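Scope of the values below: all heavy atoms of this structure, side chains included, with no hydrogens, waters or symmetry mates. Because the structure is a prediction, the values reported are computed rather than measured.
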Amino acid sequence: YNCKSYMEECIRSIRFHCAPGSYSIVVTDNNSTDGVRDYLLSISDNITLVLSDENLGFPAGSNLCIQYSEKDQDIFLLNLYSLYKSVSIY
(Lines give C-alpha, C1' and ligand atoms only; values in the text may rest on other atoms or scores of the structure.)
Protein backbone atom coordinates (compact mmCIF):
# COMPACT_ATOMS: atom_id res chain seq x y z
CA TYR A 1 0.00 0.00 0.00
CA ASN A 2 1.44 3.33 -1.15
CA CYS A 3 5.01 2.14 -1.73
CA LYS A 4 5.53 2.49 -5.47
CA SER A 5 9.34 2.54 -5.37
CA TYR A 6 9.46 -0.71 -3.38
CA MET A 7 6.99 -2.34 -5.78
CA GLU A 8 9.14 -1.32 -8.75
CA GLU A 9 12.27 -2.82 -7.15
CA CYS A 10 10.49 -6.03 -6.14
CA ILE A 11 9.14 -6.67 -9.65
CA ARG A 12 12.42 -5.64 -11.28
CA SER A 13 14.34 -8.12 -9.08
CA ILE A 14 12.01 -10.99 -10.02
CA ARG A 15 12.26 -10.23 -13.72
CA PHE A 16 16.06 -9.90 -13.55
CA HIS A 17 16.75 -13.14 -11.68
CA CYS A 18 14.06 -15.45 -13.10
CA ALA A 19 13.97 -16.90 -16.59
CA PRO A 20 11.13 -15.56 -18.76
CA GLY A 21 8.17 -17.93 -18.70
CA SER A 22 9.29 -19.59 -15.46
CA TYR A 23 7.10 -17.48 -13.19
CA SER A 24 3.93 -15.45 -13.00
CA ILE A 25 3.34 -12.36 -10.90
CA VAL A 26 0.02 -11.66 -9.21
CA VAL A 27 -0.30 -8.33 -7.39
CA THR A 28 -3.11 -7.05 -5.20
CA ASP A 29 -3.19 -3.28 -4.85
CA ASN A 30 -4.97 -2.18 -1.68
CA ASN A 31 -6.31 1.11 -3.08
CA SER A 32 -2.94 2.90 -3.16
CA THR A 33 -2.90 6.60 -3.92
CA ASP A 34 0.79 7.10 -4.76
CA GLY A 35 0.67 6.14 -8.45
CA VAL A 36 1.45 2.45 -7.98
CA ARG A 37 -1.77 1.45 -9.76
CA ASP A 38 -0.79 3.43 -12.85
CA TYR A 39 2.69 1.90 -12.71
CA LEU A 40 1.29 -1.63 -12.46
CA LEU A 41 -1.15 -1.02 -15.30
CA SER A 42 1.69 0.31 -17.46
CA ILE A 43 3.74 -2.90 -17.01
CA SER A 44 0.80 -5.29 -16.91
CA ASP A 45 2.34 -7.76 -19.39
CA ASN A 46 2.86 -11.01 -17.51
CA ILE A 47 1.29 -9.53 -14.38
CA THR A 48 -2.15 -10.33 -13.04
CA LEU A 49 -3.36 -7.22 -11.25
CA VAL A 50 -6.12 -7.44 -8.65
CA LEU A 51 -7.46 -4.04 -7.62
CA SER A 52 -9.11 -3.61 -4.24
CA ASP A 53 -11.32 -0.64 -3.38
CA GLU A 54 -9.99 -0.63 0.17
CA ASN A 55 -6.81 -1.39 2.10
CA LEU A 56 -7.32 -5.03 3.04
CA GLY A 57 -3.89 -5.46 4.61
CA PHE A 58 -1.25 -8.02 3.68
CA PRO A 59 -3.07 -11.23 4.78
CA ALA A 60 -6.34 -10.53 2.95
CA GLY A 61 -4.46 -9.13 -0.07
CA SER A 62 -2.41 -12.33 -0.16
CA ASN A 63 -5.60 -14.41 -0.10
CA LEU A 64 -6.82 -12.49 -3.16
CA CYS A 65 -3.54 -13.21 -4.94
CA ILE A 66 -3.91 -16.91 -4.23
CA GLN A 67 -7.40 -16.90 -5.76
CA TYR A 68 -5.97 -15.48 -9.01
CA SER A 69 -2.85 -17.68 -9.07
CA GLU A 70 -2.35 -20.71 -11.27
CA LYS A 71 -3.28 -23.66 -9.11
CA ASP A 72 -0.63 -26.04 -10.47
CA GLN A 73 2.31 -23.79 -9.60
CA ASP A 74 4.16 -23.15 -6.37
CA ILE A 75 3.10 -19.91 -4.71
CA PHE A 76 5.47 -17.56 -2.90
CA LEU A 77 3.87 -14.65 -1.10
CA LEU A 78 6.21 -11.67 -1.06
CA ASN A 79 5.45 -8.38 0.51
CA LEU A 80 6.62 -5.52 -1.64
CA TYR A 81 9.67 -4.95 0.53
CA SER A 82 11.10 -8.27 -0.69
CA LEU A 83 13.81 -8.44 -3.30
CA TYR A 84 14.36 -11.67 -5.17
CA LYS A 85 18.00 -12.73 -5.49
CA SER A 86 19.43 -15.49 -7.65
CA VAL A 87 20.10 -17.60 -4.54
CA SER A 88 16.78 -16.89 -2.82
CA ILE A 89 15.15 -20.23 -3.66
CA TYR A 90 16.82 -23.55 -4.34
Side-chain angles (χ1 to χ4, degrees):
Y1 175 77
N2 283 338
C3 292
K4 180 182 170 202
S5 63
Y6 290 112
M7 180 69 68
E8 291 171 334
E9 287 297 317
C10 180
I11 291 172
R12 189 177 4 254
S13 70
I14 293 168
R15 287 181 167 172
F16 181 78
H17 290 288
C18 297
S22 68
Y23 64 92
S24 60
I25 298 174
V26 180
V27 177
T28 298
D29 178 63
N30 282 321
N31 202 26
S32 295
T33 59
D34 67 340
V36 73
R37 282 185 177 212
D38 292 333
Y39 162 72
L40 291 167
L41 288 168
S42 75
I43 61 154
S44 62
D45 58 313
N46 298 350
I47 293 180
T48 301
L49 179 56
V50 183
L51 301 175
S52 173
D53 292 332
E54 61 181 311
N55 186 348
L56 302 172
F58 184 74
S62 296
N63 287 337
L64 276 178
C65 283
I66 291 169
Q67 290 176 12
Y68 286 86
S69 298
E70 297 178 34
K71 304 305 180 219
D72 62 338
Q73 291 187 349
D74 294 331
I75 298 174
F76 298 93
L77 300 173
L78 304 175
N79 67 33
L80 56 93
Y81 303 108
S82 302
L83 295 179
Y84 185 85
K85 303 289 184 183
S86 60
V87 294
S88 295
I89 301 171
Y90 288 94

Separation of Glu8 CD from Leu40 CG (nearest 0.5 Å)
9.0 Å
Keeping to residues at least two apart or across chains, list the salt bridge (charged side-chain N to carboxylate O under 4.0 Å, His left out) pairs with something in residues 20-41.
Asp29-Arg37
Enumerate, atom names and distances included, each donor-acceptor pair closer than 3.5 Å involving a side-chain atom of residues 52-61, sequence neighbours excluded.
from	atom 1	to	atom 2	distance (Å)
Ser52	OG	Glu54	N	3.2
Ser52	OG	Glu54	O	2.7
Asn55	OD1	Gly57	N	3.0

Listed by chain and number, what are the side chain to side chain donor-acceptor pair (under 3.5 Å) partners of Asn30, not counting sequence neighbours?
none
Can you list the residues that meet the side chain to side chain donor-acceptor pair (under 3.5 Å) rule with Ser42, with sequence neighbours excluded?
none
State plainly whether one hydrophobic cluster holds both Leu41 and Tyr39, where clusters connect Ile, Leu, Val, Met, Phe, Trp and Tyr through side-chain heavy atoms under 4.5 angstrom apart.
yes
Non-neighbouring partners of Thr28 that pass side chain to side chain donor-acceptor pair (under 3.5 Å), sequence neighbours left out:
none
For Ser22, what residues pass the side-chain contact (heavy atoms from CB on, under 4.5 Å) criterion, not counting sequence neighbours?
Cys18, Ala19
Taken in chain and number order and not counting sequence neighbours, the residues that satisfy side-chain contact (heavy atoms from CB on, under 4.5 Å) with Ile47 are Ile11, Arg15, Ile25, Val27, Ile43
Could you tell me if the side chain of Met7 sits less than 4.5 Å from the side chain of Lys4, heavy atoms only?
no
Do Leu49 and Val26 sit in one hydrophobic cluster, given that two such residues count as connected whenever their side-chain heavy atoms are within less than 4.5 Å of each other, even indirectly?
no
When you compare the side chain of Thr33 with that of Asn2, does any pair of heavy atoms fall below 4.5 Å?
yes
